[in-house]
Amino acid sequence: MNEQEAKAFIEQLQKEGLLTEETRLIWEMILPERLKRMYDVLQKRTRYITVLTEAVDDPHNQAAVLRTAEAFGVQDVYVVAGKAPFQPNPLVTRHADKWLTLQQKPDIVTTIKELQAKGYQVYASYLGEGTLRLGDIDVSRPTALLFGNEHSGVSQEAIRAADATFMIPMYGFVQSFNISVAAALALYDVTERARQQAGERYHLSFQEKKELFEKWMWQTLNPRIRERLAKQLGRSV
């Protein structure tokens, strides 16, 4: 990006309202190429599809789900911890988690009801009788995919609270996927179909984009610069 292109891009972001005078001290510290990368990703972000995990204990699996969600443009991940604390392996996340909105919740049934109250239909991963195939999930409405513990799966309480259950068809001797693989397969299918069916509803609103863009700009700064700007702007680090 040459100087003229950079200037034109900054002007574009100002006209769109993503860069404001209030945040000038922040965005002037960031290279235009970095702002462009964040802007491009922002245009493909969604809250139409979200992820909920229940009692996923392995740090590798915790991290892999976050990295997968970020890669497919899913912004929100809801987490209900199990026996182990939620401490995703940073070597696996590769900092993907810093671009996400993580919602750590204490109770699975309450969280499912909270998502339903927000307009989501909740589909729980389940291999039992009467479950839907992945490709039959209805993506005409905002959808949350629920994945459970590595060994015991989704709890019965969660299955009863969910709107429906789904499974990924398998044709070998093994009849289960690791949770991180299941999440990747499911999110690829659901986000692809939802993006086509939902149209503009799939993407973030302008206000959501603005809030998220400011958050990303802030956290992309060097910690020392962030601390100095926090004092100037009177905000928390």
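Because the structure is predicted, anything quoted here is derived from the model rather than measured.
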Residue pairs fulfilling salt bridge (Lys or Arg N to Asp or Glu O under 4.0 Å) with at least one residue in residues 60-87, sequence neighbours excluded:
R45-E70, R47-D76
Could you walk me through whether L145 and F166 pass side chain to side chain contact (heavy atoms under 4.5 Å, CB included), step by step?
CA-CA 9 Å; L145 299 180; F166 77 95; 4.1 Å; yes
State whether E33 and K36 are salt-bridged, where the test is any N-O pair (Lys NZ or Arg NE/NH1/NH2 against Asp/Glu carboxylate O) under 4.0 Å.
no
Hey, could you give me the CG/CD distance between L229 and E28, rounded to the nearest 0.5 Å?
10.5 Å
If we ignore hydrogens and angles and just use 3.5 Å, is the side chain of E5 paired with the main-chain N or O of N2 as donor and acceptor?
yes
Heavy-atom neighbours of Y188 OH exceed 12 at 6.0 Å:
no
K44, NZ atom: more than 12 neighbouring heavy atoms under 6.0 Å
no
Here the pair of heavy atoms bringing R195 nearest to Y202 is NH2-OH, 3.6 Å
For W216 and L42, run side chain to side chain contact (heavy atoms under 4.5 Å, CB included): C-alpha distance rounded to whole Å, both residues' side-chain angles, the deciding distance at 0.1 Å, then the answer.
CA-CA 10 Å; W216 288 355; L42 187 67; 4.0 Å; yes
More than 12 foreign heavy atoms under 6.0 Å from NZ of K98: is that the case here?
yes
Going by heavy atoms in the side chains, are Q219 and W99 under 4.5 Å from each other?
yes
Of all heavy-atom pairs between L18 and M217, which one has the smallest distance, and what is that distance?
O-CE, 4.4 Å
Q207 atom CD, over 12 foreign heavy atoms within 6.0 Å
yes
Looking just at side-chain N and O atoms, do E22 and T20 make a donor-acceptor pair shorter than 3.5 Å?
yes
Taking atom CZ of R37 as the centre, report whether more than 12 heavy atoms of other residues, nucleotides or ligands fall under 6.0 Å from it.
no
Consider only side-chain N and O atoms of T101 and Q75, and report whether a donor and an acceptor are under 3.5 Å apart.
yes
Using every non-hydrogen atom in the two residues, find where A64 and V92 come nearest and quote the distance to one decimal.
N-CG1, 3.8 Å
Are I179 and V74 connected in a single hydrophobic cluster, I mean Ile/Leu/Val/Met/Phe/Trp/Tyr linked by side-chain heavy atoms less than 4.5 Å apart?
yes
Tell me if the NZ atom of K113 is crowded by more than 12 foreign heavy atoms within 6.0 Å.
no
For the atom pair CD (E129) and OG1 (T165), what is the distance rounded to the nearest 0.5 Å?
10.5 Å
Residues that, via side-chain heavy atoms closer than 4.5 angstrom, fall in one hydrophobic cluster with I159
L52, Y78, V80, I108, V109, I112, L115, Y120, V122, Y126, L146, V154
If hydrophobic clusters are built from ILVMFWY residues whose side chains come within less than 4.5 Å, do V51 and L134 share one?
yes
Examine the side chains of S205 and E208 and answer whether a donor and an acceptor come within less than 3.5 Å of each other.
yes
The reported gap from CG in D57 to CD in Q62 (rounded to nearest 0.5 angstrom) is 7.0 Å
So which heavy atom on T68 is nearest to which on S180, and how close?
OG1-O, 4.5 Å
Under a plain distance cut-off of 3.5 Å, with no hydrogens placed, do E16 and Q12 share a side-chain donor-acceptor pair?
yes
Do D136 and R133 pass the side chain to side chain contact (heavy atoms under 4.5 Å, CB included) test, and can you show the C-alpha distance, the side-chain angles, and the key distance before you say yes or no?
CA-CA 5 Å; D136 293 328; R133 293 164 66 93; 3.7 Å; yes
Look at K210 together with E214 and state whether they make a salt bridge at an N to O cut-off of under 4.0 Å.
no
Pairwise distance CD1(I225) to CG(L25) - rounded to 0.5 angstrom:
12.0 Å
For P142, does its backbone N or O pair with a side-chain atom of R201 as donor and acceptor, under 3.5 Å?
no
List the residues meeting side-chain hydrogen bond (donor to acceptor under 3.5 Å, both in side chains) with T191, not counting sequence neighbours, and say none if there are none.
none
Do you see a donor-acceptor pair shorter than 3.5 Å between the side chains of S155 and E54?
yes
Using side-chain hydrogen bond (donor to acceptor under 3.5 Å, both in side chains) as the criterion, list what pairs up with E11, not counting sequence neighbours.
none
Residue R94 excluded, over 12 heavy atoms near CZ under 6.0 Å:
no
Donor-acceptor side-chain pairing of T143 and Q121 below 3.5 angstrom:
yes
E3 atom CD, neighbour heavy-atom count above 12 within 6.0 Å
no
Answer yes if the side chains of N61 and E150 hold a donor-acceptor pair under 3.5 Å, and no otherwise.
yes
Donor-acceptor check, side chain of N89 to backbone of P59, threshold 3.5 angstrom: yes or no?
no
L212 reachable from V77 in the ILVMFWY side-chain graph, under 4.5 Å edges
no
Following the transitive rule for hydrophobic clusters with a side-chain heavy-atom cut-off under 4.5 Å over Ile, Leu, Val, Met, Phe, Trp and Tyr, establish whether M38 and L31 coincide in one cluster.
no
If every non-hydrogen atom of A186 is compared with every non-hydrogen atom of I168, which pair is closest and at what distance?
N-CD1, 4.3 Å
Indicate the atoms forming the closest heavy-atom contact of F147 with V56, along with that distance.
O-CG2, 4.2 Å
Same cluster for F213 and L100 if Ile/Leu/Val/Met/Phe/Trp/Tyr side chains link at under 4.5 Å?
no
Check step by step if side chain to side chain contact (heavy atoms under 4.5 Å, CB included) holds for E200 and H203.
CA-CA 6 Å; E200 283 305 310; H203 302 290; 4.3 Å; yes
Counterpart residues, ring pair (Phe, Tyr, Trp, His ring centres under 6.0 Å), relative to W27 (two or more places apart):
none
Can you sort out the partners of D163 under side-chain hydrogen bond (donor to acceptor under 3.5 Å, both in side chains), two or more places apart, ordered by chain and number?
Q116
